[in-house]
Amino acid sequence: MKYDHINIEKKWQDKWEEKGVFHAENNSVKEKFFALIEFPYPSGQGLHVGHPRPYTALDTVARKRRLQGYNVLYPIGWDAFGLPTENYAIKNHIHPAIVTQNNIARFKKQIQSLGISFDWSREVNTTDPSYFKWTQWIFLQLFKHNLAYKKEMSVNWCTSCKCVLANEEVVNGVCERCGSEVIRKVKSQWMLKITEYAQRLVDDLDTVDYPERVKAQQKNWIGRSTGAEVDFTATTGDTLTVYTTRPDTLFGATYMVVSPEHPYIEKWTDIIENIDEVRAYQQEAAKKSDFERTEMAKDKTGVMIKGVRAVNPVNNTEIPIFISDYVLVSYGTGAIMAVPAHDTRDWEFAKKFDLPIIEVVKGGNVQEEAFTDCATGVMVNSGMLDGLSVEDAKVKIKQWLTENGKGKEKVNFKLRDWVFSRQRYWGEPIPIINCPCCGYVPLDESELPLELPMVDSYEPTDTGESPLANITEWVNVKCPKCGKDAQRETDTMPQWAGSSWYFLRYMDPHNDTALASKEALEYWSPVDWYNGGMEHTTLHLLYSRFWHKFLYDIGVVPTAEPYAKRTSHGMILGENGEKMSKSRGNVVNPDEVVAEYGADTLRLYEMFIGDFEKSAPWSPDGIRGCRRFIERFYNLTSNIIDSDEIRPEMESAFHKTIKKVGEDIENIKFNTAIASLMSLINDLVNKGVTREELRIFTILVDPFAPHVAEEVWETANLGEGMVAEQKWPEYDEAKCKDETIEIAVQVNGKIKAKLNIAADAENDEVIALAKADEKVSNAIGNMKVVKEIYVKGKLVNIVVKP
RNA sequence: GCCGGUGUGGUGGAAUAGGCAGACACAAGGGACUUAAAAUCCCUCGAACCACAAAUUCGUACCGGUUCAAGUCCGGUCACCGGCACCA
């Protein structure tokens with residue numbers, strides 16, 4: 001019997017929607033389960049087969065949880081602001097809003113053809129004013145709590161997008177999005193103080209269930225380090241503070257280095273004897289991008305500042321001060337004490353400039369190379385620290401510094417504040433008015449949403465100003481505070497804004513008096529299970545945790561963390577094992593797969609292709625096995641034994657499969673869950689299937705291949721209603737066990753025979769049986785038995801000696 | 001350089017409180033059905049030895065260790081992937 005996937009899948013998709021079986025209830029006494037996927041950016045390319053992998057995975061979980069009686073919220077929406085849409089709009093002279101609308105329509109049609117159990121009644125769209133009203137509202141709260149501020153600073157500027165980028169968006173010195181060169185540009189930017197939350201963003205990772213690799217990457221990115229600030233006194237009388245993680249090596253500091261941007265250079269202009277040389281070096285450094293500076297890391301450059309020296313507070317030694325671009329202005333204090341004996345960078349610099357190298361931790365040959373692997377060493381040449389371990393020396397010197405007013409313990413982070421403005425049209429306008437008298441004045445909340453003006457030209461400008469700046473009728477307003485002439489902020493928010501809180505909107509998507517009602521937030525928070533890509537670990541995931549913590553602090557949301565559990569899917573690669581991309585020509589469009597094999601086959605294959613957390617290459621051959629499974633399942637309906645019971649000989653197989661499939665789904669081992677269903681169906685095809693067996697099997701298949709499950713349910717008349725309305729079967733642990741089992745018998749670890757024994761047979765009994773076996777006794781021969789081991793249900797090992 | 005991960009048949013991948021390596025599937029080969037093909041069904045399928053079978057030996061990147069027993073644990077090496085990187 002041929003399986004007509006085209007008509008059957010359409011039929012059930014319509015029925016599900018008609019009955020609203022996937023709609024979540026907001027006022028339910030049932031236990032809730034909130035499953036979340038990263039909502040897609042509706043690009044012009046449409047879906048490729050990588051998109052459905054996470055959607056299907058959580059759909060499998062969501063469908064199973066519904067069958068288990070949970071009130072499941074599994075929503076979707078569109079992260080639709082952003083540059084690709086805007087660039088496409090500019091090129092083709094279509095308004096980005098129209099482009100967005102078209103792309104969404106296409107994405108929606110594609111996704112709906114997959115039969116994912118999304119609650120479409122809660123669809124959100126970040127570009128919808130009723131949505132971004134609340135994105136702007138959150139920004140205003142951040143502003144009011146001094147977490148949003150404007151700052152003149154050197155920023156990453158993409159020469160092609162003509163737009164500022166966050167540090168996170170610069171990859172290897174080029175724009176993450178378009179691959180163009182990124183240069184430094186000094187601009188006034190809106191910033192968000194994510195650094196204020198750095199410590200909590202690290203600490204609270206202990207309270208959530210994320211994969212270790214995700215936690216590690218976030219910690220790495222936040223880059224917490226503990227050390228000390230040490231005050232050196234310059235010969236000018238100024239205090240020059242450095243940050244170090246190795247205060248124990250203070251006696252080994254033979255010179256200092258300040259970054260080219262350090263403010264003391266200005267201050268000391270008249271004192272520095274070689275100021276021209278210093279200035280020239282500053283200018284050279286300023287020309288280089290951050291990337292160039294780090295690329296040339298190997299070769300240290302710098303200039304000694306003549307006329308000023310610094311005094312080491314522990315031994316009053318005068319040491320020289322250099323400027324060098326290997327010291328970054330943006331980290332610590334922008335100045336370091338250099339300990340060449342125990343730091344590779346300082347060592348290289350000291351060698352180049354012929355500076356003294358003093359060993360302060362015993363163990364290496366510091367004239368040959370820096371001895372950095374010295375955490376367990378002993379202090380030397382260090383006055384009061386001599387003889388102490390590195391660990392103890394750290395404690396003692398910090399104490400000394402504090403007591404003598406020469407420094408203090410200090411924690412530093414690599415994380416920097418979030419550059420939040422973009423000089424583009426297609427983003428949320430920042431709801432701030434710049435008044436010459438009152439400064440930055442927040443728009444009154446009653447004026448939200450502040451919508452984008454409809455314009456003809458939204459091309460970026462070369463001057464670095466937002467295209468909104470040219471629209472004078474929009475820009476020029478009266479100051480809400482003093483009523484005088486003022487101007488709107490013309491920068492827009494980055495794409496990360498709308499996606500930093502979208503999961504909250506799903507809880508109550510049509511609310512127009514709050515981002516979501518208190519009741520909805522209380523009931524649905526936190527997200528129970530969030531699946532997404534590793535590429536968002538340091539961007540979206542960190543940003544949204546930051547916003548959520550802020551919303552928690554001001555009493556808007558009930559939990560400190562937004563996501564209780566996070567999982568990550570591997571990519572679907574092209575047939576050639578490379579990442580799918582248009583330029584590589586290895587993109588597989590799900591539409592074609594759905595047309596040829598059906599959505600169920602695609603879903604099943606995406607889950608069967610391999611370990612969900614690892615990437616796997618697409619195989620046009622591999623998918624055929626999944627289609628075969630669907631057909632074998634469908635054809636079971638013509639092989640039914642008229643019985644409403646599980647046959648005794650099938651009992652353990654069914655109980656085991658129920659257990660395995662259920663556990664594997666929760667543990668994201670979809671591939672082995674499907675393998676166990678395949679094993680069972682192979683048996684059923686041979687032995688036939690009773691009505692009850694088919695009923696159970698169909699429910700187990702449903703989370704993976706819901707259309708064919710419904711069709712089988714209906715065709716075989718297995719029960720009232722749809723499969724989607726049934727109860728997930730329970731298993732009985734006692735019935736998962738077989739009465740007789742096969743064990744292996746080894747002699748000295750080599751398998752000699754297989755034995756069928758009763759599962760509950762005792763040690764002695766099994767060993768006696770094993771020894772009675774002809775092959776085993778031959779192997780033992782007349783050697784001496786020294787040990788007999790029976791591992792219950794697994795094997796026997798008889799250890800013999802000649 | 002630092003952090004994280006991975007390494008198993010022709011292929012995708014199973015198997016870790018240490019216990020029969022290769023489940024499940026794909027591809028390939030052989031057979032049945034068919035005028036033929038497709039589909040379907042049955043058989044074989046890590047390697048060596050061998051006419052064949054039985055038996056034996058080898059085999060989870062590499063070297064070594066612990067153990068009755070190691071893909072799994074420990075020490076070391078190599079390769080690849082991802083992230084970070086002059087962060088003091």
Side-chain angles (χ1 to χ4, degrees), chain A residues 2 171 211-221 223-225 227 242-247 249 253 257 259 290 293-300 324-328 330-339 342-346 348-349 372 412-416 534-535 537-538 570-571 577 605 608-611 613-626 628-629 631-632 635 669 671-682 685-686 742-754 775 786-801:
Chain A
K2 175 121 175 66
V171 176
E212 270 314 310
R213 54 182 175 151
V214 172
K215 289 190 185 183
Q217 232 177 82
Q218 286 214 348
K219 282 183 191 165
N220 204 312
W221 185 262
R224 181 186 196 274
S225 75
V242 301
Y243 173 72
T244 177
T245 54
R246 295 296 308 275
T249 63
V257 188
S259 72
D290 264 5
R293 270 167 77 155
T294 55
E295 268 303 275
M296 294 180 227
K298 308 291 163 274
D299 194 24
K300 299 277 181 291
S324 171
D325 62 6
Y326 86 89
V327 172
L328 308 173
S330 51
Y331 184 78
T333 61
I336 63 156
M337 64 177 208
V339 184
H342 304 286
D343 182 284
T344 314
R345 296 152 302 179
D346 297 346
E348 284 166 9
F349 192 87
T372 56
N412 260 325
F413 297 93
K414 291 184 195 172
L415 186 70
R416 299 188 214 167
M534 281 306 286
E535 70 275 21
T537 301
T538 53
M571 264 187 297
Y605 180 57
F608 185 63
I609 195 165
D611 185 336
E613 298 189 88
K614 295 191 195 122
S615 46
W618 181 262
S619 158
D621 284 327
I623 195 171
R624 300 177 58 215
C626 291
R628 284 182 196 138
F629 173 84
E631 283 173 4
R632 284 155 76 82
N635 286 325
K669 301 289 178 200
N671 52 340
T672 49
I674 293 167
S676 70
L677 289 170
M678 285 174 167
S679 285
L680 183 54
I681 208 173
N682 288 343
V685 167
N686 290 330
E742 191 189 63
I743 61 161
V745 182
Q746 300 179 335
V747 176
N748 279 354
K750 305 267 184 206
I751 294 182
K752 295 295 170 189
K754 300 277 173 89
K775 286 176 191 156
V786 289
K787 208 168 187 180
E788 294 165 333
I789 298 151
Y790 172 48
V791 183
K792 195 151 196 208
K794 302 281 187 186
L795 55 61
V796 168
N797 191 11
I798 296 167
V799 186
V800 296
K801 257 187 181 169

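Reckoned from all heavy atoms, side chains included, excluding hydrogens, waters and symmetry mates. Proteins get letters first, then strands, A, B, ... in listed order; numbering begins at 1 in each.
The phosphate of rG19(B) (OP1 or OP2) has no side-chain N or O of Lys794(A) nearer than 4.0 angstrom. For rC58(B), the OP1/OP2 oxygens have a side-chain nitrogen or oxygen of Lys750(A) closer than 4.0 Å. Using a 4.0 Å cut-off, some side-chain N or O of Tyr331(A) falls inside it from OP1 or OP2 of rA88(B). Applying the 4.0 Å criterion to OP1 and OP2 of rA25(B), one finds that Asn682(A) has a side-chain N or O inside that range. The side chain of Lys215(A) places no N or O atom within less than 4.0 Å of a non-bridging phosphate oxygen (OP1 or OP2) of rG5(B).
Here, rA27(B) and rC73(B) have their P atoms 34 Å apart, quoted to the whole Å. Straight-line distance between the C1' atoms of rG18(B) and rG13(B): roughly 22 Å, to the nearest whole Å. rG29(B) and rG10(B): their C1' atoms are spaced 12 Å apart (whole Å). On the P atoms, rC74(B) is 28 Å away from rA23(B), given to the nearest whole Å. Of the P atoms belonging to rG19(B) and rU40(B), the separation is 37 Å, rounded to the nearest Å. As rounded to the nearest Å, rU77(B) and rG1(B) have P atoms that lie 12 Å from one another. If you take atom C1' in rA79(B) and the same atom in rA28(B), they sit 30 Å apart, rounded to whole Å. Rounded to the nearest Å, the gap between the C1' atom of rA55(B) and that of rG5(B) is 43 Å.
Heavy atoms of Met534(A) sit nowhere under 4.0 angstrom from any nucleic acid atom. Nucleic acid contact for Gly749(A): none, since no nucleic acid atom lies under 4.0 Å from a heavy atom of the residue. Within the 4.0 angstrom heavy-atom criterion, only backbone atoms of the sugar-phosphate kind lie near Asp621(A); the bases stay farther away. Across all strands shown, Ser619(A) has no heavy atoms under 4.0 Å from either base or sugar-phosphate atoms. Residue-level contact check: Glu742(A) touches the bases, meaning some heavy atom is under 4.0 Å from a base atom. Using a 4.0 Å heavy-atom criterion, one finds that Asp346(A) contacts no nucleic acid atom at all. When heavy atoms are screened at a 4.0 angstrom cut-off, Ser225(A) is found touching the sugar-phosphate backbone but no base atom. Backbone-only contact: Lys752(A) has heavy atoms under 4.0 Å from sugar-phosphate atoms and none from a base.
Tyr605(A) places no side-chain N or O within 3.5 Å of a backbone atom of Gly625(A) that could act as its donor or acceptor partner.
We find that NZ of Lys792(A) is positioned 16 Å from C1' of rG19(B), with the value rounded to whole Å. The interatomic distance linking Tyr326(A) (OH) with rA85(B) (C1') rounds to 16 Å, in whole Å. Distance, Glu613(A) CD to rG4(B) P: 17 Å, rounded to whole Å. Distance Ile743(A) CD1 to rG19(B) P: 16 Å, rounded to the nearest Å. Between the OH atom of Tyr790(A) and the C1' atom of rG18(B) there is a distance of 17 Å, rounded to whole Å. The distance between atom CD of Gln217(A) and atom P of rC2(B), rounded to the nearest whole Å, is 18 Å. For the pair Asn797(A) CG and rA69(B) P, the computed distance is 8 Å after rounding to whole Å. Taking atom CG of residue Asn748(A) and atom C1' of nucleotide rU56(B), one finds them 16 Å apart after rounding to whole Å.
Side chain of Arg213(A), nearest nucleotide from rG4(B), rC86(B), rG19(B): rG4(B). Set against rA21(B), rA88(B), rC24(B), the side chain of Ile751(A) has rA21(B) as its closest nucleotide. Picking from rC20(B), rC84(B), rA88(B) the nucleotide with the shortest atom distance to the side chain of Lys754(A) gives rC20(B). Proximity note for Thr244(A) (side chain, C-beta onward) versus rA27(B), rA88(B), rC24(B): the nearest is rA88(B). Of the candidate nucleotides rC86(B), rC20(B), rC58(B), rC20(B) has the atom lying nearest to any side-chain atom of Ala744(A). Of the listed nucleotides (rA88(B), rG19(B), rC84(B)), rA88(B) has the atom at the smallest distance from the side chain of Leu328(A). Taking every side-chain heavy atom of Met678(A) into account, rC24(B) is the closest of rG4(B), rC24(B), rG19(B). For Asn220(A), the side-chain atoms get nearest to rG83(B) when compared with the rest of rA88(B), rG83(B), rG19(B).
Looking at heavy atoms from C-beta onward, Ile789(A) lies out of side-chain contact with Gln746(A) at the 4.5 angstrom threshold. Lys787(A) is not listed as a side-chain neighbour of Asn797(A), based on a closest heavy-atom distance of 4.5 Å or more. Put simply, the side chain of Lys792(A) reaches to within 4.5 Å of the side chain of Tyr790(A), judged on heavy atoms. The side-chain heavy atoms of Val799(A) and Asn748(A), taken from C-beta on, include a pair separated by under 4.5 Å. Considering only heavy atoms from C-beta on, Asp611(A) comes within 4.5 Å of Lys669(A) through its side chain. A 4.5 Å side-chain heavy-atom check between Tyr326(A) and Ile336(A) finds at least one atom pair inside the cut-off. Between Thr333(A) and Tyr331(A), the closest side-chain pair of non-hydrogen atoms is not below 4.5 Å.
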Got a list of protein N/O to nucleotides 40-47 of chain B N/O distances below 3.5 Å?
from: rU40(B); atom 1: OP1; to: Arg628(A); atom 2: NE; distance (Å): 3.4
from: rC41(B); atom 1: OP1; to: Arg632(A); atom 2: NH1; distance (Å): 2.7

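Applying the 90° cutoff around 0 to the glycosidic angle, rG9(B) is assigned syn.
You won't find any donor-acceptor pair under 3.5 Å spanning the side chain of Lys219(A) and the base of rC3(B), going by distance alone.
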Trace of the side-chain contact (heavy atoms from CB on, under 4.5 Å) decision for Thr537(A) with Arg213(A) | CA-CA 10 Å; Thr537(A) 301; Arg213(A) 54 182 175 151; over 6 Å; no

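The number of heavy-atom neighbours closer than 6.0 Å to NZ of Lys775(A), taken from other residues, nucleotides and ligands shown, is 12 or below.
Stem list for RNA chain B (at least 3 consecutive Watson-Crick or G-U pairs, distances under 3.5 Å): B:1-7 with B:78-84, B:10-12 with B:24-26, B:28-32 with B:40-44, B:46-48 with B:56-58, B:61-65 with B:73-77.
One finds the CG atom of Asp343(A) at 9.0 Å from the CZ atom of Arg246(A) (value rounded to the nearest 0.5 Å).
Remark: Phe413(A) engages no residue in a ring pair (Phe, Tyr, Trp, His ring centres under 6.0 Å) (not counting sequence neighbours). In terms of the ring pair (Phe, Tyr, Trp, His ring centres under 6.0 Å) criterion, Phe608(A) has no residue partners (sequence neighbours excluded).
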Quick tally for nucleotides 7-14 of chain B: nucleotides whose base has a protein heavy atom under 4.0 Å get B, sugar-phosphate-only ones S, the rest -, giving -----BSS

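Within the structure, side-chain hydrogen bond (donor to acceptor under 3.5 Å, both in side chains) pairs that include any residue of residues 672-681 of chain A comprise Asp664(A)-Thr672(A) (at least two apart or interchain).
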